Amino acid sequence: MYNQIKDMPMEERIEKITKALIQIKSINGTTGEVEVATFIKDTLLSFPYFQKHPFYVWEQIISNDPLNRKNIFCFIKGKSDIKETILYHAHLDTVGIEDFGPLKDNALDSDKLVDYFSAYTFNKEVQEDAQSGEWMFGRGSVDMQSGIAVHLANVLHFSEHLDELPGNILFMANPDEESQHAGILSAISELKLLKEEQHLNYVAAINTDFITPLYDGDSTRYIYTGAAGKLLPCFYIYGREVHVGDTLAGIDPNLIASELTRRIHNNISLAENIEGELILPPSCLYQRDNKEAYNVQTAVSSYLYFNYFIYEKTAKEVMNQLIDISVSACKDVEKKLSNYYEEFLNRTDLPRKDLSWNIEVISLENYMEELVSKGIDPSKCIEETFQQYKHLELRMRCFKAIEELQKSDPQQRARVIVFYAPPYLPHNYLKEDSLRDQELLSVVKQAVEEVSMTTGETFSFKKFFPYLADGSFLSLHETDQEIEAFTRNFPGWDTIGTIPFQEIRELNIPSINMGVYGKDGHKWTERVYKPYSFNVLPILIQQTTVHLLKSYYSASTDTHSMC
């Protein structure tokens with residue numbers, strides 16, 4: 001790769017690397033993630049600096065990964081023994097290509113897609129972008145092979161201009177961002193090891209995950225100084241099954257699930273209200289009952305879970321909120337079922353049955369305490385269930401564990417059990433009461449202002465990257481008590497929990513997202529805007545890197561002088 005790009009200007013280097021990365025079918029959950037990781041490693045090893053220092057490029061195999069996926073690292077050592085280090089990071093996996101339909105065979109061919117969309121009259125904006133020559137199409141073009149290419153080009157730049165680098169750069173590319181974040185979670189131990197053995201001081205992390213217009217005509221380039229978190233609140237709903245000939249005597253878990261979905265899905269009033277931030281409401285990702293085949297019995301139970309972004313809220317606050325919503329929803333269902341039955345009796349003049357419509361709502365933590373009081377060992381039950389159903393994906397394994405708890409309970413009442421399942425992403429942001437965070441923000445703003453003056457670009461700072469990103473795992477704001485309130489409501493955390501909370505807290509690396517600019521991430525019209533992403537952004541990251549390292553080097557020097 002180096003021989004192909006060595007005589008190119010920066011923007012052409014990035015375009016060349018991006019195209020090469022797109023052409024690798026690096027779909028999440030496939031061996032393509034290994035292939036693209038190997039390509040990144042080989043690309044780095046082709047650079048003269050790493051030809052001279054090959055031990056500064058290495059890989060970390062993710063333990064217990066069936067695909068043997070790996071993180072790729074490289075290190076550029078700056079002046080003398082300075083320990084201040086900027087972390088460049090990006091994810092190397094993409095989502096699938098099924099959405100390309102008949103164009104699936106060309107999903108990784110940028111040139112063919114440009115030709116296709118140039119004649120695409122069904123969407124004028126897409127057609128105009130293709131005809132302009134300023135946009136690159138293809139799966140991963142914006143999310144986020146172009147982001148990797150920017151980092152690789154900047155790694156090459158600084159390796160060729162070590163005199164410009166008042167500190168160190170550590171680059172890492174991680175797999176599995178689009179699913180369980182196994183790459184970044186494994187990388188935490190490597191970052192901690194480097195910090196301890198090499199005495200590195202991580203000043204900040206710079207991610208290049210994509211940014212996009214927030215409204216039609218928006219040309220602002222957003223800088224995100226933190227990352228939103230994510231919870232996956234789940235509802236195991238156990239009803240009272242009956243034959244359809246006796247349907248009014250039952251409690252249908254699907255009715256309860258529907259009422260919960262109606263109250264939670266896209267309910268903007270449940271979203272946090274933070275001025276100036278793009279805050280997203282919870283959304284339903286899964287809702288179905290446990291019936292596998294047709295029969296005339298109503299469902300016994302239903303599964304329901306939501307994507308739930310958190311910005312400043314904690315998991316405990318969300319759990320309390322969802323319990324309240326569930327109680328209200330179940331009371332409405334109880335009233336509705338009771339009224340239906342009363343009307344049925346009035347119409348048929350049949351004698352009344354002794355029926356209860358009461359539906360219990362309880363958190364997993366409280367339910368497990370209740371089971372213990374009945375002489376049942378819920379932890380053992382969960383452990384055995386996870387072993388029995390280890391072939392299932394993680395969320396279904398969690399539901400099976402709750403289902404087995406319900407079966408072990410001699411009191412088979414209708415109930416809703418609220419719990420959490422993976423994935424979980426912590427939220428992080430620069431704190432207003434932290435001197436370090438505010439000084440970092442000031443330095444970053446200075447670098448951005450300088451680039452704005454020379455390029456004419458309009459930048460705006462936001463507190464939270466509004467989508468999911470690996471940067472969530474580089475620092476932690478929750479207290480131990482808040483974390484415990486989460487893990488106690490997570491079935492089998494000791495078995496499947498993979499988040500090294502203590503190590504993340506010790507690293508405490510501020511995460512800044514300076515992303516490539518594009519449109520339609522995760523859509524078949526995905527595309528990256530080349531003039532900004534390949535020309536302005538690399539300069540912005542270079543300036544920010546130098547400003548941050550100089551600032552922290554000066555602060556360190558002043559401290560030593562005072563001593």
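Being a predicted model, the structure only gives us computed values, none of them experimental. We count residues from 1, following the sequence as given.
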- Item | Residues forming a ring-ring contact (aromatic ring centres under 6.0 Å, His included) with Phe486, sequence neighbours excluded |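 Scan of Phe486 (ring-ring contact (aromatic ring centres under 6.0 Å, His included), adjacent residues dropped) gives Tyr420, Tyr424, Phe490, Trp493.
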- Item | Set of residues satisfying ring-ring contact (aromatic ring centres under 6.0 Å, His included) with respect to His157, sequence neighbours excluded |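 With neighbours one apart ignored, the set is His161.
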- Task: Could you tell me whether Glu196 and Lys192 make a salt bridge, using a distance below 4.0 angstrom between a side-chain N and a carboxylate O?
- Result: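 Yes, this pair counts.
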- Using a strict 4.0 Å threshold on nitrogen-to-oxygen distance, state whether Lys519 and Glu125 make a salt bridge.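 Result for this pair is yes, salt bridge flagged.
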Contacts of [X] that satisfy side chain to side chain donor-acceptor pair (under 3.5 Å) - sequence neighbours left out:
X	result
Asp115	none
Lys41	Glu59
Lys25	none
Asp470	His181

Any sub-3.5 Å donor-acceptor pair from [X]'s side-chain atoms to [Y]'s backbone N or O?
X	Y	answer
Ser533	Val516	no
Ser472	Pro426	yes
Ser511	Gly226	no
Glu277	Lys463	yes
Ser159	Leu156	yes
Gln543	Val451	no
Asp99	Trp524	yes
Gln60	Ile72	no
Gln131	Ser118	yes
Glu526	Gly140	yes

Testing the basics here: between [X] and [Y], what is the closest heavy-atom pair and its distance to 0.1 Å?
X	Y	value
Lys523	Arg139	O-NH1, 3.2 Å
Pro466	Phe309	O-CE2, 3.8 Å
Ser186	Asn71	CB-ND2, 3.9 Å
Thr225	Ile512	CA-CD1, 4.0 Å

Counting neighbours of [atom1] on [X] that are heavy atoms of other residues, nucleotides or ligands and sit closer than 6.0 Å, is the number greater than 12?
X	atom1	answer
Lys83	NZ	yes
Lys313	NZ	yes
Glu393	CD	yes

- Does the side chain of His89 pick up a donor-acceptor pair with the side chain of Asn174 at under 3.5 Å?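 Distance-only check fails for His89 and Asn174.
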- Query: Going by atom types alone, do Thr38 and Lys70 pair a side-chain donor with an acceptor below 3.5 Å?
  - Reply: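 Lys70 and Thr38 do have a side-chain donor-acceptor pair below 3.5 Å.
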- Message: I'd like to know whether Asp209 forms a side-chain contact (heavy atoms from CB on, under 4.5 Å) with Tyr467, so could you lay out the CA-CA distance, the side-chain angles of the two residues, the decisive distance to 0.1 Å, and finally the verdict.
- Response: CA-CA 10 Å; Asp209 216 336; Tyr467 316 111; over 6 Å; no
- Task: Sorted by first residue and then second, give each ring pair (Phe, Tyr, Trp, His ring centres under 6.0 Å) pair with at least one member in residues 191-228; sequence neighbours left out.
- Result: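 Listed once each, the pairs are Tyr224-Phe465.
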Taking only residues two or more places apart in sequence or in another chain, which ones pass side chain to side chain contact (heavy atoms under 4.5 Å, CB included) with [X]?
X	value
Ser26	Val36, Thr94, Gln145
Glu11	Pro9, Phe534, Asn535
Leu162	Tyr49, Ile76
Lys431	Tyr429, Asp433, Ser434, Asp437, His477

- Query: Can you list every pair that meets salt bridge (charged side-chain N to carboxylate O under 4.0 Å, His left out) and has a residue in residues 150-166, with sequence neighbours left out?
  - Reply: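 Output for this query lists Arg13-Glu160.
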Hey, could you give me the [atom1]/[atom2] distance between [X] and [Y], rounded to the nearest 0.5 Å?
X	Y	atom1	atom2	result
Arg69	Asn28	CZ	CG	6.0 Å
Leu537	Gln542	CG	CD	10.0 Å
Leu185	Leu425	CG	CG	8.0 Å
Phe39	Leu21	CZ	CG	5.0 Å
Phe464	Asn428	CZ	CG	8.5 Å
Ile82	Asn168	CD1	CG	7.5 Å

- Query: Honestly, is Arg221 close enough over Tyr532, meaning NZ or CZ under 6.0 Å from the six-membered ring centre and within 45° of the axis?
  - Reply: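 Pair Arg221/Tyr532 counts as cation-pi.
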